[in-house]
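Residue numbering restarts at 1 for every chain, and letters A, B, ... go by the order of the sequence lines.
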2 protein chains.
Amino acid sequence: MELEAATGSDRKRGSGVKLAYDVLRDEILDLVLQPGSAIDEVQLAERFNMSRTPIREALVRLAAEGLIQTLPNRSTLVAPIDFLNMHTYFDALVLMYRVTTKLAAQHHRSPDLALIKEKQIQFADAVKAQDALAMIATNAEFHLAIAEAGRNTHFVSFFKRLLDEGRRILRLYYQSYEDRLPHRFVQEHEDMISAIENRNLELAEELARDHAEQIVAQVQKLLVPGERLKIEI
Amino acid sequence: MELEAATGSDRKRGSGVKLAYDVLRDEILDLVLQPGSAIDEVQLAERFNMSRTPIREALVRLAAEGLIQTLPNRSTLVAPIDFLNMHTYFDALVLMYRVTTKLAAQHHRSPDLALIKEKQIQFADAVKAQDALAMIATNAEFHLAIAEAGRNTHFVSFFKRLLDEGRRILRLYYQSYEDRLPHRFVQEHEDMISAIENRNLELAEELARDHAEQIVAQVQKLLVPGERLKIEI
DNA sequence: TGTATTTTATTTGTCGACAAGATTTTCTGA
DNA sequence: TCAGAAAATCTTGTCGACAAATAAAATACA
């Protein structure tokens, strides 16, 4: 467990925060750290073999991203997953799928397309290998590559944040159900790539929406029995 | 200038960061701190009469929000305004105007509407008084109240961030041109309120888009002579 | 035995100090 | 005079320590 910090504190200056931030972030998103559980600064400092200062900075950054909650003068804890307002998350996610894909169809250049296709191959491999974790990761990378091709940094950063949060939900999903993993998504990705390549804005957006709604429906069927207010925008 | 920190360092525990964060944030958004200018931690520590630690935490938070940029091991500076990609900002802003207004028409409850109308009165007062700064602030509050009524925290936080960034641009706009301030916006706001109140989703969204496009066009006419790629979503 | 109050312990927010990088200045040699 | 190396200065990242705020434990009291 203490692999990341050897005894000798020979670390490059300024890499301390980044290390703590990256590791904690991954552990939160991969549900290694349980949502709602408390975080002990001193313990983390010992674990990473550094003082509390860089740990603190990492925590502040995570808090700014909404990954941890910090009660003033009291404990800081891993942000709980808001199951009650899950539908608002899905609304935001679907919208970003649509917008970024449409913009990609409009603004992409050749190197963008190469990267997108590369991510799609990685995603297909993950599906073939039935590797749920790799699927989650490569799927996010695929859609982020599309978003980047859309060339709107505001949408990209917002979308990235949503996808991160989604990692926890999907993780939960794949944790509870060992499912035949959706080969269907691979084909849908291919269709989206074609639409982007042909600069067919409407089709790209439509496919993105259907794709997103499909995933959302599947996740929601398993996680929340309750209703979702469907919103047309 | 040093009003915020008297000689006696009698400050409530934990209020240090908040103070520094709030003040710096306002100074950045109000263009008191020039975009691109350097930030000196030690100087700030002296000014706020506290050690570098809380200053540092405030800066980290500001950096997480994109309000300052921090070059590793080197200086940190006020985030420059990205005039080149301004159109991406406007695209995001217009979309959020539309989405939040539509959702407000769908999900608002009576107390929401009261708050929205209150903000609208304040906005109208600011227009009447020709107070540009108050206009910027109350306009943002008005639209944020609408967003809150839409009950999607993801959209709200994203929108809030965009409106903040907009403060700098609008500030620039009002700084250079002493204009007859747009009474027209007041009427448009009234129309939006009616649409929300009547739960007319389509009309609410349409009015929001027109309103946003109107503002964008006016700002863009003055700031960027270049073209804007108009995107239909 | 259960509740209120004091004591103790834990944890967080802040501080001053120090060292690693980076920047500027000074010095050297052509 | 100017380019390059060395030294001095400045700024940032990290550390250990301390004090305020909170939580937990212990005690007193009914």
Review point. Could A:Asp40 and A:Arg47 be called an ion pair, given the rule that one side-chain N must be under 4.0 Å from one carboxylate O?
Key: no
Exercise for review: Please state how far atom CD in A:Gln43 lies from atom C1' in C:dT10, giving the value in whole angstrom units.
Suggested key: 13 Å
Review point. Between A:Asp30 and A:Arg168, is the closest basic N to carboxylate O distance under 4.0 Å?
Key: no
Check your understanding: Taking the side chain of B:Pro54 as heavy atoms from C-beta outward, which of C:dC15, D:dA21, D:dT12 is closest to it?
Key -> C:dC15
Study note, to complete from the structure: Rounded to the nearest 0.5 Å, the CZ atom of B:Phe158 sits from the CZ atom of B:Arg161 at a distance of 8.5 Å
Practice item. Report yes if at least one side-chain N or O of A:Ser51 is closer than 4.0 Å to OP1 or OP2 of D:dT14; otherwise report no. Key: no
Check your understanding: Which sits closer to the 5' end of DNA chain C, B:Glu57 or A:Arg13, going by the nucleotide each is nearest to?
Key -> B:Glu57
Review point. Do A:Asn139 and A:His189 have side-chain atoms, one donor and one acceptor, less than 3.5 Å apart?
Key: yes
Practice item. Calculate the interatomic distance between B:Ile55 atom CD1 and D:dT12 atom C1'; express it in whole Å. Key: 14 Å
Exercise for review: Mind calculating the distance between CD1 (A:Ile39) and C1' (C:dT10) to the nearest angstrom?
Suggested key: 17 Å
Revision key, fill the gap. Taken to the nearest whole Å, NZ/B:Lys12 to C1'/C:dT14 is 17 Å
Exercise for review: Using atom types as modelled and distance alone, determine if a side-chain donor or acceptor of B:His108 lies under 3.5 Å from a backbone N or O of B:Ile196.
Suggested key: yes
Check your understanding: Which of residues 70-79 of chain B sit near DNA chain C, with a heavy atom under 4.0 Å from it?
Key -> B:Asn73, B:Arg74
Point to revise | Residue B:Arg52, side-chain heavy atoms: nucleotide from C:dT12, C:dC15, C:dA17 that is nearest | key: C:dA17
Revision key, fill the gap. Taken to the nearest whole Å, CD/A:Glu41 to P/D:dT14 is 15 Å
Review point. Are the charged groups of B:Lys18 and B:Asp22 less than 4.0 angstrom apart, N to O?
Key: yes
**Study point:** Closest-nucleotide ordering on DNA chain D, the 5'-leading residue of B:Asp40 and A:Thr53
**Key:** B:Asp40
Check your understanding: Starting at CD of A:Glu46 and ending at C1' of D:dC15, how long is that distance when rounded to a whole Å?
Key -> 15 Å
Check your understanding: Side chains of A:Tyr97 and A:Ile215: does their closest heavy-atom pair fall under 4.5 Å?
Key -> yes
